[in-house]
Each structure stands twice: as C-alpha cells, then as structure tokens.
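Proteins come first, then strands; the chains are lettered A, B, ... in the order of their sequence lines, and each starts at number 1. Everything numeric in this text was worked out from a predicted model, so none of it was measured.
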Number of protein chains: 2
Amino acid sequence: MNRHVEHHAEDADVLVGRAIQELRAHGERVTAGRRRILQLLAAHAEHLTADDVAARTDDDGVHRATVYRSLELFAATGIVAHRQLPGGATAYHLATSTHLHGHCVVCQKVIALPSDVFDDAADRMLRQRGFAFDPNRSSIMGTCDSCRAASSLSAEE
Amino acid sequence: MNRHVEHHAEDADVLVGRAIQELRAHGERVTAGRRRILQLLAAHAEHLTADDVAARTDDDGVHRATVYRSLELFAATGIVAHRQLPGGATAYHLATSTHLHGHCVVCQKVIALPSDVFDDAADRMLRQRGFAFDPNRSSIMGTCDSCRAASSLSAEE
DNA sequence: TTATGTGCAAACTGTTTGCGCGAAG
DNA sequence: CTTCGCGCAAACAGTTTGCACATAA
C-alpha cells in the first residue's frame, strides 16, 4: 500500500527520459551535458542552484557556461521550473504537473495557474510559519483578465 | 465618497512618518539618507529595485552603499518587504498589513500568513495569466505545523 | 555535412565590505 | 562626546556573452 511512496533513485531515470523526450519534442538536441544536468535535477527533487549543478558537473567535464545555458533552455521549454533565492541565485527543479486554481471573484470562472508560480511562496510559508502549502487542494481568489479589463473601464486609474 | 481613493503624493508623508517612528522604535538612527530612501519607497507604492533607489538618491548625495545598507536594515526591522526578481535584483516596498489565510486541511485551523510572501507569485500570475490575485479574499489549503509533525510520525521519511 | 551546442575566458550586473571621516543622539 | 552611519573604492557572487572548435542529427 505504500509502494509508490518512494520518490528515490529509481524514478530518476524515468523522469530524465520524460524530460529528454520533451526536449526532442521541442526540436532541441540531446547532448551528454544536458543529459547529465537533467539527471542531477531528477536526483535532487528539491531545489538545486545553477551554481550547485555547475559544481557537480564540473567533474564530468561539463562547463559552467553550459550549465547556465542548458538550465535557461530547460526553463524556456517548460522542462524545469526556476525560482529566485535571496542573494541572487536561481534554484531549478524538474517541472511537475502540479497546478493551482485561480477563482475569479467577478465571473466565478476558474483558471489553471502554472505550477512554479507558488514555489517561492510555499517555501517561505513553510520556513516562516510552518505551513505546508498544497497547491492541488487550493484555489485562490482574484480577478481574471477579462473582468479586470471590464472593471477598469468604470473606475480608478 | 471617493476621497480616500487617492494613494498619491499626499499620503507619502504619512507613510514616511510612520516608517520613521518604527525606525526609532527599533533604536535605529534617523538620517537624511534613510529619510530620503523611505520617501522614494513611499512615493512608488509598487516595486523599486535597490538599484532603482540608488540611481535616484545618487543626485541627492546618498551613496549606493548606503542605499543597500539601509534597505537591508529596513527589511530586517520589517519596515519594508522585499522580493527577488529574475536577474538577481531585489525589489523593495513599504510593508503593508496585508495578509493571507492559510487553512489547515487536517485540523481546520486558520493561520495568518505574512504579506510579502505572495508578492512574487501575485506578480507572476498577473503577468503570465492575467490573473490579479487578491490575498485578502483568499485562503489557501495546506497543513499546519503541528499537524505536519503529527502526520510525519506515522508515514514517509 | 551542417546547424547547433560547448569550452574558454573575459565582461557585466547586483550586492557586500573594511576603512576613516562625519553626524545623530 | 560617543556611538553609529556614511562615502569611497575595491572585492565578490552569480550570470552572460563572443568566439573557435566539436558533435548530434
């Protein structure tokens, strides 16, 4: 019953495979360096700094610059999510399918919001207040695109 | 009826005054530079980069280093909130009393979460999906400190 | 074979720090 | 008067970029 609780080493290959497919689907080349970086990200499901990754790939002959370029590419293709850390560093992790529901208080429409948007906030809530945010069970209130446009016709700047 | 809609120049002095009191309350000195920086933050209720502030104070003889040191101090004393931008810069604004409710899915307890935690996320949702997040009307789901501790006794790592 | 990725080294942005002078309390 | 903040200039961390060579497709 607790068979699929193990998010450890075995799954990593699967995740890497999926990421590589995604990469090919975007017409990007699969190189040794990129594979290596994806392996690292898959292994450390948590956050890894670009610099962290660079440090670990250096031994394997993958250059810092390559790491930065690859991570940027992965982020652009949606393969990884990224997040800014205090101090200016950027943390990366494989993108998951997690998403959050935005609920428009005007038209009641529900909007799917991208997964990585709340990573940073979730992290800080956990650290500062011990609250473990669960995006999949949450929906947040606000105003959607069109209702926002509509309301700005009748009111304040 | 629309008298207090104006969040423009007039209020700024009040906000600065409040910030300065707060500063004194923390036993910190009030200098020309600090006053100037607070004025800037009060004037631009949105985000201002440390670098932005530095650029604008340079003319007034307030040095870059002073700006960084002051902003760091303000953040430490809770007078301003800060947020990391892509590219490594940090955006600052006067702290408000805005907060969000965290709802524990286990014990149903509601927890007040600090305001600035969501600045980043709100910004990205607005940009990426046109969704204007309203923290004051939202409560998000998750697990609180104690329930999290309790559940980790019976399950995964 | 050819377009694309890589290593290298140098530049760049944003931020931090040690020092002696100057001002706030 | 004494403690703390400031300007200055130099160092630092993280990241980006132009170029010639290497390699995936």
- Report yes or no: do Q39(A) and R36(A) form a side-chain donor-acceptor pair below 3.5 Å? yes
- Query: Contact class for R35(A) vs. all strands (heavy atom < 4.0 Å): base, sugar-phosphate, or nothing?
  - Reply: nothing
- Message: If I take atom CG in residue L85(A) and atom P in nucleotide dG14(D), what distance separates them, rounded to the nearest angstrom?
- Response: 10 Å
- Item | Between P of dT4(C) and CG of L23(A), the distance in whole Å | 14 Å
- Note on the structure: Taking dT3(D), dC6(D), dA9(C) as options, the one with an atom nearest any side-chain atom of R29(B) is dT3(D)
- Are any of T31(B)'s side-chain N or O atoms less than 4.0 Å away from OP1 or OP2 of dC6(D)? yes
- Looking at R83(B) and D120(A), does any basic side-chain N land under 4.0 Å from a carboxylate oxygen? no
- Message: What is the separation between atom CZ on R34(A) and atom P on dG7(C), rounded to the nearest whole Å?
- Response: 11 Å
- Query: Considering heavy-atom distances to DNA chain D, does E28(A) or V62(B) have its closest nucleotide positioned more toward the 5' end?
  - Reply: V62(B)
Protein and nucleotides 12-19 of chain C: nitrogen or oxygen contacts under 3.5 angstrom:
from: dT15(C); atom 1: OP1; to: T90(B); atom 2: N; distance (Å): 2.9
from: dT15(C); atom 1: OP1; to: T90(B); atom 2: OG1; distance (Å): 2.8
from: dT15(C); atom 1: OP2; to: Y68(B); atom 2: OH; distance (Å): 2.6
from: dG18(C); atom 1: O6; to: R69(B); atom 2: NH1; distance (Å): 3.3

- Distance in angstrom units between L73(A) CG and dT15(D) C1', rounded: 16 Å
- Note: D51(B)-R64(B) ion pair, threshold 4.0 Å (strictly below): yes
- To the nearest angstrom, the CG-P distance between D58(B) and dC8(D) comes to 9 Å
- Message: By nearest heavy atom, map T66(A) and R24(B) onto DNA chain C; which one lands nearer the 5' end?
- Response: T66(A)
- Message: I'd like to know whether the aromatic ring centres of F118(B) and F133(B) sit less than 6.0 Å apart in this structure.
- Response: yes
- Task: Using a strict cut-off of less than 4.0 Å between a Lys/Arg side-chain nitrogen and an Asp/Glu carboxylate oxygen, indicate whether D134(A) and R137(A) qualify as a salt bridge.
- Result: yes
- Could you verify whether a donor N or O on one side chain and an acceptor N or O on the other, from D119(A) and H93(A), lie under 3.5 Å apart? yes
